[in-house]
Amino acid sequence: MISAKELKNPHVVRRDLLASLVVFLVALPLCIGVAVASGVPAELGLVTGIVGGIVVGLMPGSKLQVSGPAAGLTVLVYEAVKEFGLSTLGPIVLAAGLLQVVLGVARFGRWFRAISVSVVQGMLAGIGLVIVLGQLYALADTDQPGSGLSNLAGLPGLAAEIATDTEALTAFGLGAGTIAVLLLWPRLPAAVRIVPAPLAAVGLATAVAWLAGLSPLVADVNGLLHAIELPGGAEFGRLADVAVIGTVLAFALIASAESLFSAAAIDRMHDGPRTNYDKELVAQGVGNTICGALGALPMTAVIVRSAANVQAGATTALSRVAHGVWLLLFAALLPAAIGVIPLAALAGILVHAGCKLMPVKEFGPMWREHRGEAVLLAITALAIVVTNLFEGVVLGLLLAVVKSAWETSHVQLSTHELTGGRIVVTLTGNATFLRLPRILEQLEKLPQDQPIELDLSGLRHLDHACRVALENWAKRHNDAETDPVRIRPAAGL
């Protein structure tokens, strides 16, 4: 929230208003690009950016984090619109927002920090792969086949179309040029880099298309009020559908995780107040509830805009609120400007954003130092491409739990023979069903004609499956002419 004391300081106000202009210029092409890639009217991306700036910006949680439509949810929104229709998107987003509010009030915000980083990185990498595979077709003004695997299989045909079709080649040239500008912009002099790279790239592509007399595909613009369609009772009735409920859960959980991980990253970039995770989750939920009521895109905190905000020198929430005001003024006063931007240029913005979601630099060191985490990341990413975002993330979380259980269930088995031939078998550590095959395999190698004592007193944990299996082994192991296996129980277990 913005305090009256901060607003009375002209230096703070001037600095934060300048920062808000930078954030606005970064957010503008991203809001439009995410909306187009999600299969919804471009104006709806601006609506979400406006709500994320003005409404969420005024709420407590994080002072410097900026919210709006995010590339990370593009795939999920596209699938939802394709399966349930644009009219059902609003109720889905609204229900997801209410769920976020409940989670925040119940103080679940801090628990999102316990999600495996590898799963989150795998989720972002999978989203990035799906975005890139889909937007490669948009670069050439061509419809994508559909799923991630279909898009991958169709790449040879896409390459042939670009090589033989003049219009596809022209659009691809504009998109590729946009990506080139984004890659080269950070190397230019500081005076040039005052203009944010996404805005410069889209502006240059639009100018080239106009000056060369090209006619690439552009967004269909009808104005802000025409794009907003308030959901009705029939649309809210779809929330009883099991498939829709699954999508609501996916929206809420993924948007929350992305927002709170973004908050953790932004907190490391400045020395101001730390984010209150529960309040930030409530703020995100309120924002999504309003976006849903307006039939707009879901929002998350966005690391690109948030980082631009911090780097531009913002110190209060005024900058993120003001950036929402600039988006509102643009959408209200200059809507026709959206209709001249080539879709190929917006696709170039999304391809670049998708590539940045993939942790290519981090994967090598992770593979060398924590191979299990690297495998978890890769499986989550590939599962998202092969299935869908929700199923891929659920699989990643399940594998993370199994991996954690496997790593913590270390158990050691040692044997020594006493005078008189009695064998003492000692188990120490954590005995769980995951280690049971190995334990039984070693026990079954013991002789059946000698007295055996199974010492479990050194175990810190013994689960029910292990206890039952060890008791059954003890009953049947020794032959009839030998004393039965004796068990020294685990203390307190």
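For this chain, numbers begin at 1 and follow the sequence in order.
- Atom OG1 of T170 is separated from atom CD1 of I162 by 11.0 Å, given to the nearest 0.5 angstrom.
- The distance from the OG1 atom of T48 to the CD1 atom of I290 is 11.0 Å, given to the nearest 0.5 Å.
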With side-chain contact (heavy atoms from CB on, under 4.5 Å) as the test, would you mind laying out the steps for L28 and L46 before giving the verdict? CA-CA 7 Å; L28 179 61; L46 292 174; 3.8 Å; yes
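- Counting only distance, with no hydrogens or angles, the side chain of N288 and the backbone of A96 share no donor-acceptor pair below 3.5 Å.
- A donor-acceptor pair is defined here as one N or O able to donate and one able to accept, closer than 3.5 Å; no such pair exists between the side chain of Y137 and the backbone of L158.
- In terms of heavy atoms, G39 sits closest to Y78 at N-CD1, 4.3 Å.
- For the residue pair G348 and I179, the shortest heavy atom distance occurs at O-CG1, 3.5 Å.
- Counting heavy atoms from C-beta on, the side chains of L174 and V208 come closer than 4.5 Å.
- For K403, the NZ atom sits in a packed shell: over 12 heavy atoms of surrounding residues, nucleotides or ligands are nearer than 6.0 Å.
- In this structure, Q284 and S62 have side chains that are not in contact, with every pair of non-hydrogen atoms separated by 4.5 Å or more.
- The minimum heavy-atom distance linking G396 with T380 is given by the pair CA-OG1, 3.4 Å.
- Nearest heavy atoms, V101 versus G285: CG2-C, 3.6 Å.
- Panel note: side chain R320, backbone S67; no donor-acceptor pair is recorded below 3.5 Å.
- For R238, there are no side chain to side chain donor-acceptor pair (under 3.5 Å) partners two or more places apart in sequence or in a different chain.
- At least one side-chain heavy atom of L133 sits less than 4.5 Å from a side-chain heavy atom of L155.
- Atom CZ of R14 sits about 12.5 Å away from atom CG of L318, to the nearest 0.5 Å.
- F24 is not listed as a side-chain neighbour of V325, based on a closest heavy-atom distance of 4.5 Å or more.
- Residue pairs meeting the side chain to side chain donor-acceptor pair (under 3.5 Å) criterion with at least one member in residues 20-40, sequence neighbours excluded, are S20-W326.
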Applying side-chain contact (heavy atoms from CB on, under 4.5 Å), run through L376 and V119 and close with a yes or a no. CA-CA 7 Å; L376 184 59; V119 174; 4.0 Å; yes
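- A distance of 5.0 Å separates CE of M358 from CG of L129, quoted to the nearest 0.5 Å.
- T275 and Q65 are not linked by any side-chain donor-acceptor pair at a separation below 3.5 angstrom, with hydrogens and angles left out of the test.
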Kindly indicate, with the supporting measurements, whether the criterion side-chain contact (heavy atoms from CB on, under 4.5 Å) is fulfilled by V12 and R15. CA-CA 5 Å; V12 170; R15 181 180 57 206; 3.6 Å; yes
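- Contact of the L21 side chain with the L17 side chain is not registered, since no non-hydrogen atoms from C-beta on lie closer than 4.5 Å.
- Side-chain atoms of V40 and L86, non-hydrogen and from C-beta on, do get closer than 4.5 Å to each other.
- A donor-acceptor contact shorter than 3.5 Å is absent between the side chain of R107 and the backbone of D278.
- Judged by distance alone, the side chain of T74 and the main-chain N or O of V34 form no donor-acceptor pair under 3.5 Å.
- Closest of all the heavy-atom pairs between V302 and P69 is CG2-O, 4.0 Å.
- Interatomic distance, CD1 of I384 versus CG of L76, reported as 10.0 Å (0.5 Å rounding).
- Between L94 and P231 there is no side-chain heavy-atom pair separated by less than 4.5 Å.
- A donor-acceptor contact shorter than 3.5 Å links the side chain of D16 to the backbone of T315.
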Could you check T178 against V181 for side-chain contact (heavy atoms from CB on, under 4.5 Å), going step by step and ending with a plain yes or no? CA-CA 5 Å; T178 302; V181 171; 5.9 Å; no
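- Minimum interatomic distance between H323 and G53 (heavy atoms only, all atoms of both residues): CE1-CA, 3.7 Å.
- In this structure, the side chains of V192 and W185 come closer than 4.5 Å at one or more pairs of heavy atoms.
- Residue T88 holds its OG1 atom at 10.5 Å from CZ of F236, rounded to the nearest 0.5 Å.
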